[in-house]
Amino acid sequence: MKNIFLMLAIIFAIGCKDSPKVKQEVLENTDNTSLSEIDTKINDSLLLEKGKLYAQTTQKVLGKNLMLNIQKNGPLGAVAFCNEKAYPLTDSMAIVHHAKIKRVSDKPRNQNNKASKKELEYIEFFKSKINNNESYEPIVTNENGTTNFYSPIVTNTMCLNCHGVPETNIDPKVTQLLNDKYPYDEAVGYKENEVRGIWSISFKDE
């Protein structure tokens with residue numbers, strides 16, 4: 001019993017402000033839920049927060065370096081950065097977190113980022129939620145001791161410099177560079193607040 005209260009205390013200590021529903025559910029249903037079910041819900045919420053942390057910290061590293069390259073060389077610098085540095089930086093964060101971290105899409109720029117059948121289903125799920133202005137949480141599944149975390153990557157104004165509509169949002173010089181670097185590029189034609197892909201992260205349960 002002491003372990004249960006200790007785990008509840010941990011959740012309050014590290015929880016994020018944007019995901020209170022999971023934690024609240026654990027507390028509200030205590031009277032009508034077995035201890036094993038409480039343990040499961042606590043574990044699920046901790047894994048959710050861990051997945052969010054991995055995605056957010058990786059995005060922060062990529063975003064910071066992307067902005068530095070844009071400030072130096074404009075959108076052309078962004079293309080060069082994504083082509084040369086995005087993968088190594090993502091891999092380095094995967095090593096830090098002892099996880100497998102990917103960004104995948106139904107319209108990939110790099111074909112190595114093509115979503116699997118299951119990932120495509122999650123992309124469609126997040127598209128539906130965002131298009132209908134419905135609330136959502138990242139998706140967490142568990143298979144044989146491995147947690148899989150999925151969260152949407154949503155476009156903003158800056159994204160459109162490389163992922164918007166050619167000639168409308170994307171400079172012709174950028175389009176030419178994209179064509180040279182990515183001959184099978186599908187990742188254009190987006191507007192703001194659209195799902196461009198998802199974070200697909202997996203890590204071992206502890």
Side-chain angles (χ1 to χ4, degrees), residues 16 18 51-116 119-120 122-131 133 136 138-139 148-203:
C16 296
D18 62 350
K52 286 183 179 180
L53 174 65
Y54 294 172
Q56 290 166 358
T57 53
T58 304
Q59 179 60 50
K60 184 176 180 179
V61 168
L62 292 174
K64 178 181 178 180
N65 284 274
L66 178 62
M67 286 303 300
L68 288 174
N69 280 271
I70 291 176
Q71 290 169 5
K72 290 180 180 179
N73 302 302
L76 290 173
V79 176
F81 165 77
C82 291
N83 181 256
E84 299 169 10
K85 303 296 183 181
Y87 260 107
L89 282 174
T90 301
D91 289 343
S92 68
M93 292 302 294
I95 292 172
V96 168
H97 291 309
H98 304 288
K100 183 177 181 180
I101 301 176
K102 301 186 299 177
R103 294 177 300 160
V104 299
S105 177
D106 55 331
K107 294 171 58 178
R109 172 152 287 165
N110 185 329
Q111 293 302 305
N112 291 328
N113 297 115
K114 189 174 183 178
S116 67
E119 289 165 339
L120 287 172
Y122 296 141
I123 289 172
E124 290 304 316
F125 168 81
F126 289 123
K127 282 184 179 181
S128 175
K129 290 294 184 181
I130 290 175
N131 290 341
N133 293 315
Y136 61 88
I139 295 169
N148 303 297
F149 172 91
Y150 307 95
S151 183
I153 299 170
V154 182
T155 55
N156 56 33
T157 302
M158 185 178 70
C159 298
L160 302 187
N161 288 311
C162 295
H163 294 284
V165 178
E167 297 186 8
T168 299
N169 307 115
I170 307 176
D171 185 280
K173 292 181 180 179
V174 174
T175 298
Q176 182 59 55
L177 183 58
L178 288 171
N179 290 338
D180 292 341
K181 297 286 187 181
Y182 305 99
Y184 303 104
D185 182 17
E186 301 176 49
V188 294
Y190 288 99
K191 300 176 183 178
E192 284 188 68
N193 201 40
E194 291 187 334
V195 175
R196 190 174 66 79
I198 59 173
W199 289 99
S200 179
I201 301 175
S202 60
F203 49 91

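All values derive from a computational prediction rather than experimental measurement. Note that these values count all heavy atoms, side chains included, but never hydrogens, waters or copies made by symmetry. Quick note: residue numbers are just sequence positions, from 1.
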Non-hydrogen atoms of P166 and T175 that approach each other most closely
CB-OG1, 4.2 Å
Would you find a donor on one side and an acceptor on the other, under 3.5 Å apart, between the side chain of N131 and the backbone of K127?
yes
Any non-hydrogen side-chain atom of L66 less than 4.5 Å from a side-chain atom of M158?
yes
For N169 against Y190, the heavy-atom pair lying closest together:
OD1-O, 4.4 Å
Spacing of CZ belonging to F81 relative to CD1 belonging to I70, to within rounding of 0.5 Å:
9.5 Å
Indicate yes or no: at least one non-hydrogen side-chain atom of D185 is less than 4.5 angstrom from one of N179.
no
Closest approach of R109 and V188, non-hydrogen atoms and distance?
NH2-CG1, 3.4 Å
Between E194 and G189, the two heavy atoms sitting closest are OE1-O, 4.5 Å
Please report the closest heavy-atom contact between L178 and C162, naming both atoms and the distance.
CD1-O, 3.7 Å
Enter the distance from Y150:OH to K102:NZ here, rounded to the nearest 0.5 Å.
7.5 Å
Does K100, at its NZ atom, have more than 12 non-hydrogen atoms belonging to other residues, nucleotides or ligands within less than 6.0 Å?
no
Rounded to the nearest 0.5 Å, what's the gap from CG on L76 to CG on N69? Could you check?
11.5 Å
Check: W199 and P138 side chains under 4.5 Å, non-hydrogen atoms
no
Side chains of I101 and F203, heavy atoms from C-beta outward: is any pair under 4.5 Å?
no
SG-NE2 distance between C82 and H163, expressed to the nearest 0.5 angstrom:
6.0 Å
F149/Y54 aromatic ring centres below 6.0 Å
no
When you compare the side chains of H97 and T57, does any donor N or O come within less than 3.5 Å of an acceptor on the partner?
yes
Between I198, N110, I153, which is the residue that forms a side-chain contact (heavy atoms from CB on, under 4.5 Å) with R103?
I153
Aromatic Y184 / basic K114 pairing, under 6.0 angstrom, 45° off normal:
no
Do any N or O atoms from the side chain of T58 and from the backbone of T90 form a donor-acceptor pair under 3.5 angstrom?
no
Just how far is it from atom CD1 of I201 to atom CE of M93, taken to the nearest 0.5 Å?
9.5 Å
For V174 versus P75, what's the shortest heavy-atom pair and its separation?
CG2-CB, 3.6 Å
Could you tell me whether the side chain of Y136 reaches within less than 4.5 Å of the side chain of I130, counting heavy atoms only?
yes
Would a distance-only check, ignoring hydrogens and angles, find a side-chain to backbone donor-acceptor pair under 3.5 Å from S202 to N148?
no
Nearest-0.5 Å distance that lies between atom CG in N113 and atom CG in D106
12.0 Å
Does a side-chain heavy-atom distance below 4.5 Å link Q176 with D180?
yes
